[in-house]
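Within every chain, numbering begins at 1; the chains are lettered A, B, ... in the order of the sequence lines, protein sequences first and strands thereafter. No hydrogens, no waters, no symmetry mates; every other heavy atom, side chains included, goes into these values.
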There are 2 protein chains.
Amino acid sequence: MNTDVTPAYRPLYQQIKEVLMGRIVSGEWAPGTFIPSESALSQEYGVSVGTLRKALDSLVNDHVVIRHQGKGTVVATHDADRSLFQFFHIVRHDGERCLPISRVLVREVREANATEAAALEIKEGEQVVHIRRVRELKGKPALLEDLVVSSALFPAMEYEPETLPNTLYQLYQQRFGLSVAKAEERLFAVAAGKAEQEHLGVMPGTPLLEIHRVARNLQGEALEFRVSRCETQQHCYLNEL
Amino acid sequence: MNTDVTPAYRPLYQQIKEVLMGRIVSGEWAPGTFIPSESALSQEYGVSVGTLRKALDSLVNDHVVIRHQGKGTVVATHDADRSLFQFFHIVRHDGERCLPISRVLVREVREANATEAAALEIKEGEQVVHIRRVRELKGKPALLEDLVVSSALFPAMEYEPETLPNTLYQLYQQRFGLSVAKAEERLFAVAAGKAEQEHLGVMPGTPLLEIHRVARNLQGEALEFRVSRCETQQHCYLNEL
DNA sequence: CAGTGGTCTAGACCACTTA
DNA sequence: AAGTGGTCTAGACCACTGT
């Protein structure tokens, strides 16, 4: 009996989509650059413009490329807007979104513990870069954030560049050529400890929102594991369904 | 000066989409029923099949209709699957999704407080139906849930039907003709009180995840305001970005 | 088999950007 | 004016569902 999951039929536009993805993933078309025009690509692959458009539509839907009428199609980058709308879901109670300012507390290389190794799909004890930051919204400390990335993928990130930018995903893309395309977040409620008391100014035991995020590239490989603890008197996590 | 937000140009397929939406919202095409075929509709409106398909594609994207190759296009209903995947984000730590069993604790008519009135976009003091339930996952109490709906929109719901189904959105649609199409959820961390101690079996002060959900119909009108408190030792809230 | 949605084509024309 | 993406058309053929 045939237990294949892949259908016998593979629509042409899906095949085209995968080829285009490949040219982006391989770095041939770098983030921020224009890809060839629809008509050029349709000729290159010997398909109709309509079919090629359908492949591109799908890539637009996946946030892989962005189209600009009259100009062309660019490979998506991690500008501040994207970080804000795709990945940052903390808002003030009045609903206003704004990207937080970050202050780095810890930046070191150490060995991955079991949880981190599982999240990053590496072996326990492998080297990771660990960064701890406090993130402020409108001048008020709102988040205490710990994140780890594999040292193998992000070499020397523990000391270079000297100052870390606010939106790390831009750095990952520009310096290490690794683009975060998607992520899963798991939310828990936890009690504040000493670290949160010190950096967020809350009493120990105060309930905090804890967010575990695994950020992945287009192929689904884990790039970063991040744990954020958020004070929810002033802010909350917003999700639209 | 013209300060209109609506663009001067209105693509045909968007106009068609709105007309189709209207026929669904008005009840002419009820949830669960098949709408006319693509070719029939394209003839009726005097547009090409391609244009009509584009309108339908958009409705599929908005979860308003569902297409079945070889059969036809049906107006979306609230089956258990939809409740599970679009609206229910609580999962076990191992990642398994399952719909919880509900036990009703309170079912009454009372006046809306300020928070509820604001969420439902009604006046404070207007009559609402209030329901409190405990929801169990795999036999373990996981959620304590309070929800309110306007008595005006949901007449007699405080005593009819005698037993409330597990997935309320199906009831809203079938009995009251009101379809939940989208929602916003805001998440907070709070400390457990006596009610949570009694019904969830947690110590007072235990951090809990609190979820505020406003459920809306296709036109964006608020239908239900729901507050759930969730124990996060066994479960968490999962969001894919 | 007829009817449905799904794919693919070829071409016309429109709106937007840049030079 | 030339080039890009966006809309719209008309028609062919494929895949899936029911009878």
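- Per the geometry, NE2 belonging to B/H68 stands 16 Å off C1' belonging to C/dG3, to the nearest Å.
- The existence of a salt bridge linking B/R216 and B/E184 is confirmed by a sub-4.0 Å separation between a basic side-chain nitrogen and an acidic carboxylate oxygen.
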Assign a letter to each nucleotide of nucleotides 10-19 of chain C from its 5' end: B, base within under 4.0 Å of a protein heavy atom; S, sugar-phosphate only; -, no contact. ----SBBSS-
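- Here the C1' atom of nucleotide D/dG5 and the CD1 atom of A/I66 are 14 Å apart, to the nearest Å.
- For the side-chain contact (heavy atoms from CB on, under 4.5 Å) with B/C230, the lone residue among B/L187, B/L137, B/I90 that qualifies is B/I90.
- Under the rule for a side chain to side chain donor-acceptor pair (under 3.5 Å), the partners of A/R135 that lie at least two apart in sequence or sit in another chain are A/S102, A/E145.
- Contacts with DNA chain C (heavy atom under 4.0 Å) in residues 33-46 of chain B: B/S37, B/E38, listed by number.
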Could you go through residues 149-162 of chain B and list every donor-acceptor pair under 3.5 Å that involves a side-chain atom there, pairing it with any protein atom two or more places apart or in another chain?
{"unit_1": "B/S150", "atom_1": "OG", "unit_2": "B/A152", "atom_2": "N", "d": "3.1"}
{"unit_1": "B/S150", "atom_1": "OG", "unit_2": "B/L153", "atom_2": "N", "d": "3.4"}
{"unit_1": "B/E160", "atom_1": "OE2", "unit_2": "B/R175", "atom_2": "NH2", "d": "2.5"}

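- Of all the residues in residues 19-32 of chain B, not one reaches under 4.0 Å from DNA chain D with any non-hydrogen atom.
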Which atom pairs, donor and acceptor, lie under 3.5 Å between side-chain atoms of residues 57-66 of chain B and protein residues at least two apart or in another chain?
{"unit_1": "B/D57", "atom_1": "OD1", "unit_2": "B/R67", "atom_2": "NH2", "d": "2.0"}
{"unit_1": "B/S58", "atom_1": "OG", "unit_2": "B/K17", "atom_2": "NZ", "d": "2.8"}
{"unit_1": "B/D62", "atom_1": "OD2", "unit_2": "B/K17", "atom_2": "NZ", "d": "2.9"}

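- With sequence neighbours left out, A/H93 forms a ring pair (Phe, Tyr, Trp, His ring centres under 6.0 Å) with B/F188.
- Residues that satisfy the side chain to side chain donor-acceptor pair (under 3.5 Å) test with B/Q234, not counting sequence neighbours, are absent from this structure.
- The side chain of A/T73 contributes an N or O atom lying less than 4.0 Å from OP1 or OP2 of D/dG5.
- By the side chain to side chain donor-acceptor pair (under 3.5 Å) test, B/E221 is found to be paired with B/N217, residues two or more places apart in sequence or in another chain being considered.
- Rounded to whole Å, the distance from CZ on B/R10 to C1' on D/dT7 is 15 Å.
- Residue pairs meeting the side chain to side chain donor-acceptor pair (under 3.5 Å) criterion with at least one partner in residues 41-50 of chain B, sequence neighbours excluded, are B/R23-B/E44, B/R23-B/Y45, B/S48-B/T51.
- If you measure from atom NZ of B/K54 to atom C1' of C/dG6, you get 16 Å, rounded to the nearest angstrom.
- Residues passing the side chain to side chain donor-acceptor pair (under 3.5 Å) test with A/R107: none are found, sequence neighbours excluded.
- For the pair B/D57 CG and D/dC8 C1', the interatomic distance rounds to 14 Å; values are reported in whole Å.
- For the pair B/R53 CZ and D/dT9 P, the computed distance is 15 Å after rounding to whole Å.
- Between A/K17 atom NZ and C/dC8 atom C1' the separation is 18 Å, expressed in whole Å.
- In this structure, B/R67 does not reach the C/dT4 phosphate: none of its side-chain N or O atoms is under 4.0 Å from OP1 or OP2.
- With sequence neighbours excluded, the residues satisfying ring pair (Phe, Tyr, Trp, His ring centres under 6.0 Å) with A/Y169 are A/H78, A/F87, A/Y172.
- Phosphate contact (OP1/OP2 of C/dT7, side-chain N/O of A/Y13, threshold under 4.0 Å): present.
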